[in-house]
Amino acid sequence: MSEIVLDIKNLKKSFGQNEVLKDIHMTVASGEVISIIGSSGSGKSTLLRSINLLEQPTSGEILYKGENVLQKGYDLNKYRTHLGMVFQSFNLFNNLDVLENVIVAQTTVLKRQRAEAKQIALENLTAVGMDKFVNAKPSQLSGGQKQRVAIARALSMNPDVLLFDEPTSALDPEMVGEVLKTMQELAESGLTMVIVTHEMAFAREVSDRVIFMDKGVVAESGTPEEIFVNPKEERTKEFLTRFL
Ligand code: ADP
Ligand code: MG
């Protein structure tokens, strides 16, 4: 059994009166690839943002390698460096070229020497097929290329877990495949990944486990086979008929 990297217990998140995450339990084991599916508004982004503390959970526990990161005095900045995030909207720095985009957090946050950061950036840009574009500005790239740079940037921080929030939803259809291919290669390399996606064929092919969220709860979770072929819950079936 692989090490449990994240163990999320009784996680709740409200915005005012609106309880968006109701009582989430979820574990992420080292090397595991988990897809989170569900309708718009079901709380998928809030769950990812709560896991990496872009949102402060209302209650519950997030154990990172057995320690509750929500306890007083825990080093949250350190914790955040262990998790990478890839957003739907890339969030590249438009004034920096590709190489600088991938270097900057390495030198500022991880305090790496520039030469080392550059070497790591080039390795990861090569891995995502973007090494030919080191001097390009984001505005000169397609959406698929920007997202691959964003993935290289996240990888360069050596995260224990890489979180993806609908990484292909903002892309033109012809760009989706290249980003999914990159993500599939990462999954096969053993990276631990949690992926919010509407790409059901991808989720089925690449995931070890699929979580179906509905109205702020984990309505069903299981292997891709269990979720996509033999869903137990009526609401899972109803959701999937809209996609498959
Ligand atoms: P999903 O990613 O599954 O589409 P979200 O997590 O974005 O769902 O949103 C779930 C619910 O939480 C929605 O009703 C949304 O309006 C609400 N919500 C999300 N972020 C905020 C916020 N910052 N402030 C208030 N409500 C929010
Ligand atoms: Mg979302």
Side-chain angles (χ1 to χ4, degrees), residues 6 8-28 33-62 69-70 76 80 83-92 143-144 146-147 150-151 153-154 159 161-173 175-176 179-180 182-183 187 192-204 206-207 209-222 224 227-228 231 233-244:
L6 287 172
I8 292 153
K9 298 181 175 178
N10 305 102
L11 188 74
K12 297 185 183 182
K13 174 63 185 177
S14 297
F15 294 105
Q17 297 296 310
N18 185 11
E19 190 171 66
V20 171
L21 299 180
K22 297 210 162 73
D23 196 11
I24 304 285
H25 289 259
M26 170 180 173
T27 60
V28 182
V33 177
I34 298 175
S35 291
I36 301 177
I37 61 173
S39 302
S40 175
S42 58
K44 305 179 302 296
S45 293
T46 303
L47 175 57
L48 286 194
R49 294 171 58 81
S50 297
I51 291 173
N52 69 9
L53 303 180
L54 288 174
E55 300 287 356
Q56 178 66 29
T58 306
S59 63
E61 295 181 9
I62 299 174
V69 307
L70 299 175
L76 294 181
R80 287 195 182 94
L83 305 186
M85 181 93 162
V86 174
F87 299 89
Q88 182 176 336
S89 52
F90 328 121
N91 295 11
L92 297 178
K146 282 188 228 187
Q147 194 59 296
I151 291 170
R153 178 178 61 177
V161 183
L162 194 43
L163 310 172
F164 295 80
D165 193 359
E166 298 198 32
T168 61
S169 293
L171 302 179
D172 292 333
M175 308 292 170
V176 170
V179 172
L180 294 180
T182 298
M183 291 171 64
T192 310
M193 301 162 74
V194 179
I195 307 163
V196 172
T197 186
H198 291 294
E199 295 290 337
M200 297 300 151
F202 172 81
R204 185 171 171 171
V206 171
S207 313
R209 209 142 49 80
V210 179
I211 290 175
F212 170 61
M213 282 188 72
D214 185 48
K215 300 191 177 74
V217 302
V218 174
E220 186 166 354
S221 74
I227 298 297
F228 291 114
E233 299 287 331
E234 211 46 56
R235 45 191 171 168
T236 315
K237 293 177 195 169
E238 196 271 329
F239 171 77
L240 290 172
T241 56
R242 288 189 269 136
F243 278 93
L244 302 177

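Indexing begins at 1, ligand by ligand and atom by atom, following the structure's order. This chain uses plain numbering: 1 for the first residue, then up along the sequence.
For ligand 1, the atoms sitting less than 4.0 Å from at least one non-hydrogen atom of V20 are 10 (C), 11 (C), 12 (O), 17 (C), numbered in the order shown with element in parentheses. Of all atoms in ligand 1, listed by their number and element, those nearer than 4.0 Å to a heavy atom of S40 are 4 (O). Distances below 4.0 Å separate heavy atoms of S45 from the following atoms of ligand 1: 1 (P), 2 (O), 6 (O), 7 (O).
Among protein heavy atoms, atom 14 (O) of ligand 1 sits closest to N18 ND2, 3.8 Å. Scanning all protein heavy atoms for the shortest distance to atom 6 (O) of ligand 1 gives T46 OG1, 2.5 Å. At the shortest separation from atom 8 (O) of ligand 1 among protein heavy atoms lies G43 N, 3.2 Å. If you check which protein heavy atom lies closest to atom 24 (N) of ligand 1, you get F15 CD2, 3.3 Å.
Between V194 and L6 there is no side-chain heavy-atom pair separated by less than 4.5 Å. Using a 4.5 Å heavy-atom cutoff, the side chains of K12 and D23 are in contact.
Not a single N, O or S atom of Q88, from either the backbone or the side chain, sits less than 2.8 Å from the Mg ion (ligand 2).
Dense packing is recorded around NZ of K237, with more than 12 heavy atoms of other residues, nucleotides or ligands lying under 6.0 Å away.
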| Verdict with reasoning, D165 to Q88, per side-chain contact (heavy atoms from CB on, under 4.5 Å) | CA-CA 6 Å; D165 193 359; Q88 182 176 336; 5.5 Å; no

| Could you walk me through whether R204 and I227 pass the side-chain contact (heavy atoms from CB on, under 4.5 Å) check? | CA-CA 9 Å; R204 185 171 171 171; I227 298 297; over 6 Å; no

| request: Kindly determine whether R153 and N91 satisfy side-chain contact (heavy atoms from CB on, under 4.5 Å), including the steps that lead there. | output: CA-CA 11 Å; R153 178 178 61 177; N91 295 11; 4.2 Å; yes

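Close N/O approach between G41 and ligand 1 is found [any backbone or side-chain N/O within under 3.5 Å].
Not a single heavy atom of G38 sits under 4.0 Å from any atom of ligand 1. In this structure, S39 has a heavy atom closer than 4.0 Å to ligand 1.
In terms of heavy atoms, A154 sits closest to V86 at CB-CG2, 4.0 Å.
The residue from I151, V196, T197 that alone fulfils the side chain to side chain contact (heavy atoms under 4.5 Å, CB included) condition with F164 is I151.
There is no protein heavy atom closer than 4.0 angstrom to atom 16 (O) of ligand 1.
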